[in-house]
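Here is the structure we will look at.
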Protein chains: 2
Amino acid sequence: MDMQKAAGSGESEGIDRTAFEPVYAQLVNILRRQVASGFLRPGDQLPSEAQLCRRYGISPMTVRRAINILVDQGIVVAEQGRGTFIRPVELGTASFQLQRLQELFEDDPRNTVRLLQARIMAADERTAAKLQVAPGQRVIYIRRLILACDEPTLCHVEYVVYDPARPVVEAEMDVTALRGLFGGAGATMLKHGDLSVEATLLTEEEAALLQASRPAAAFRIEHLFFDFDDRPVSWGWFICRSDRLRFTSRLGLRGAE
Amino acid sequence: MDMQKAAGSGESEGIDRTAFEPVYAQLVNILRRQVASGFLRPGDQLPSEAQLCRRYGISPMTVRRAINILVDQGIVVAEQGRGTFIRPVELGTASFQLQRLQELFEDDPRNTVRLLQARIMAADERTAAKLQVAPGQRVIYIRRLILACDEPTLCHVEYVVYDPARPVVEAEMDVTALRGLFGGAGATMLKHGDLSVEATLLTEEEAALLQASRPAAAFRIEHLFFDFDDRPVSWGWFICRSDRLRFTSRLGLRGAE
DNA sequence: CACTATAACTTCCCTATAGAACTATATAAG
DNA sequence: CTTATATAGTTCTATAGGGAAGTTATAGTG
């Protein structure tokens, strides 16, 4: 091979057979770096699989595996018979991680959950529709206040289907059970859930709880969880001061990496 | 094989060699259905790779590929030497697709972008910091109003680095160029970007533009885009009435699918 | 010029196999 | 009873190769 590129950018890297990092992962990172450094730009064609095999001295399956990873990371798009190309940055691929919210329910002593109210009541029209029960049927009504580092951060309102046969109910009454709803042991009761985020104004009561002055804007994160029979179990929403919790996302590749 | 499960659930499915769907994808869907139907539940162990090979009569590499897909879909977690297990529903895996937002910039005749203001000005303290330029340096200030189906939906404020050498600038002044920023041809100029969502109150001016009565809450989606030298190109934010655009997400698997 | 056939190249799918690395369990020795 | 050791089971990595399906460009034919 005589023809070489400028060789200044990222062409020079190779595979380290002694490294702990698997070969396919090394190739993924090499190509990611070539994209991040601008050596490969959106629309550019990747070297063909056969070329990559020769260039790095690895087997076709290993190359394919690396490229597959890049494909479902959304970094490249492969077109059969044509080639593999770098994808431009798109907005549709943005996803917001909710780990910040998740952390609030971890076993951190600085985070506390205060039970404000818990009683059994008759479901009103809207609640009955959401939980797919008859209006007037008894449901459990729960209100909580979540504090992070002793600062009131979240308000939570939740309606749970009342079913003595279901053991979830008892645990749900517990103050700490909310952690179980999200990732703890109790999550094994839930098959799936829907989330929906909107912006809303704080009510007078919510503002008092969250120690905010009105008028103020806040996130309203509505949730609806189902059991393994696809029947609704729990419906409710979080009210969250925007300055206490922010959703961020990154499009494309970062610079260093 | 004599030992059979209840056989009512999802155990009975097999691989269709004549189908268009690849074998590995068929296996992915079979296992997904077994999770969705409750035949496999969080914490349960998947059959081992060798067992799946025998059960479905396919090669180990194909089974591995299917399992890898399930792993990075977040449906199962594989532990070396132990086994592969169904993951419980977790909040951290939630991601909000922004395709609804993306659609606003598509080539739809019902969506129009109205340029309200565009002029060159000196960067104030905050803008200069975001764009990494000296305070007082000239930047381009743009305000737009985006209408979906003739309803005012989004306000957009944007500051763009003023650099005559950069061809982006001229195009950016164009009213329709905003589409290019997100997924169009212009996106090839951008390497990556940061997004951040918060809840905010509408200002008097914003309320007038969006035909809302105050006080009202809205999303504020801040964006910061970088070029291939990792230098900021554009900083700004969208103001969006919450009832016109909502972010939804699903945790776990849906029922039908 | 228009159209077709061919060849070269690409990605894609699947198989078969070998070993490495890790974990749990049963067994033997102290 | 505790502690090593062996063994079987698991996932994980990597190799080599065969064929299918799609694209593109070229050469040939009408």
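Just so it is clear: chains get the letters A, B, ... in the order the sequence lines come, proteins before strands, and each one is counted from 1. This structure is a prediction, so every number in the text was calculated from the model and none was measured.
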task = Take atom CD1 of Ile69(B) and atom P of dC14(C), then tell me their distance rounded to the nearest Å.
result = 10 Å
message = Please classify the nucleic acid contact of Pro60(A) as base, sugar-phosphate, or nothing, using heavy-atom distances under 4.0 Å.
response = nothing
key: Any Thr62(B) side-chain N or O less than 4.0 Å from OP1/OP2 of dT15(C)   = yes
key: Separation of dA21(C) P from Glu21(A) CD (nearest whole Å)   = 16 Å
ask   = Hey, would you say the Phe247(B) and Phe247(A) ring centroids sit under 6.0 Å apart?
value = no
inquiry  = If you assign each of Gly83(A) and Met61(A) to its closest nucleotide in DNA chain C, which residue comes earlier from the 5' end?
reply    = Gly83(A)
query = Roughly, in whole Å, what's the span from CD in Gln45(A) to C1' in dT11(C)?
reply = 11 Å
Check: His192(B) ring centre within less than 6.0 Å of Phe225(B) ring centre = no
ask   = CG of Leu46(A) versus P of dT11(C): gap in Å, rounded?
value = 8 Å
request  = By nearest nucleotide on DNA chain D, pick out whichever of Arg64(B) and Gln51(B) is the more 5' one.
outcome  = Gln51(B)
key: Integer-rounded Å distance: dC14(C) P and Leu27(B) CG   = 11 Å
query = Does NZ or CZ of Arg231(A) fall inside the cone over Phe226(A)'s six-membered ring, less than 6.0 Å from its centre and within 45° of the axis?
reply = no
request  = Establish, with yes or no, whether the OP1 or OP2 oxygen of dC13(C) is under 4.0 angstrom from a side-chain nitrogen or oxygen of Tyr24(B).
outcome  = yes
inquiry  = Is there a side-chain contact between Val35(A) and Arg33(A) in this structure, where contact means two heavy atoms from C-beta onward sitting under 4.5 Å apart?
reply    = no
d(CD, Glu49(B); P, dT15(C)) in whole Å = 14 Å
Determine all donor-acceptor pairs shorter than 3.5 Å in which one atom belongs to a side chain in residues 68-83 of chain B; sequence neighbours excluded.
unit_1	atom_1	unit_2	atom_2	d
Gln73(B)	OE1	Arg32(B)	NH1	2.5
Glu79(B)	OE1	Arg82(B)	NE	2.8

task = Round to a whole Å and report the spacing from CD of Gln80(B) to P of dA24(C).
result = 12 Å
query = Can a side chain N or O of Arg65(B) be found less than 4.0 Å away from OP1 or OP2 on dC13(C)?
reply = yes
key: Pairing residues for Asp16(A) by the side-chain hydrogen bond (donor to acceptor under 3.5 Å, both in side chains) criterion, not counting sequence neighbours   = Thr18(A)
Glu49(A) and Ile67(A), any side-chain heavy atoms less than 4.5 Å apart = yes
message = Reading DNA chain D from 5' to 3', where do the contacts with chain B start and stop? Cut-off is 4.0 Å to heavy atoms.
response = dG9(D) to dA14(D)
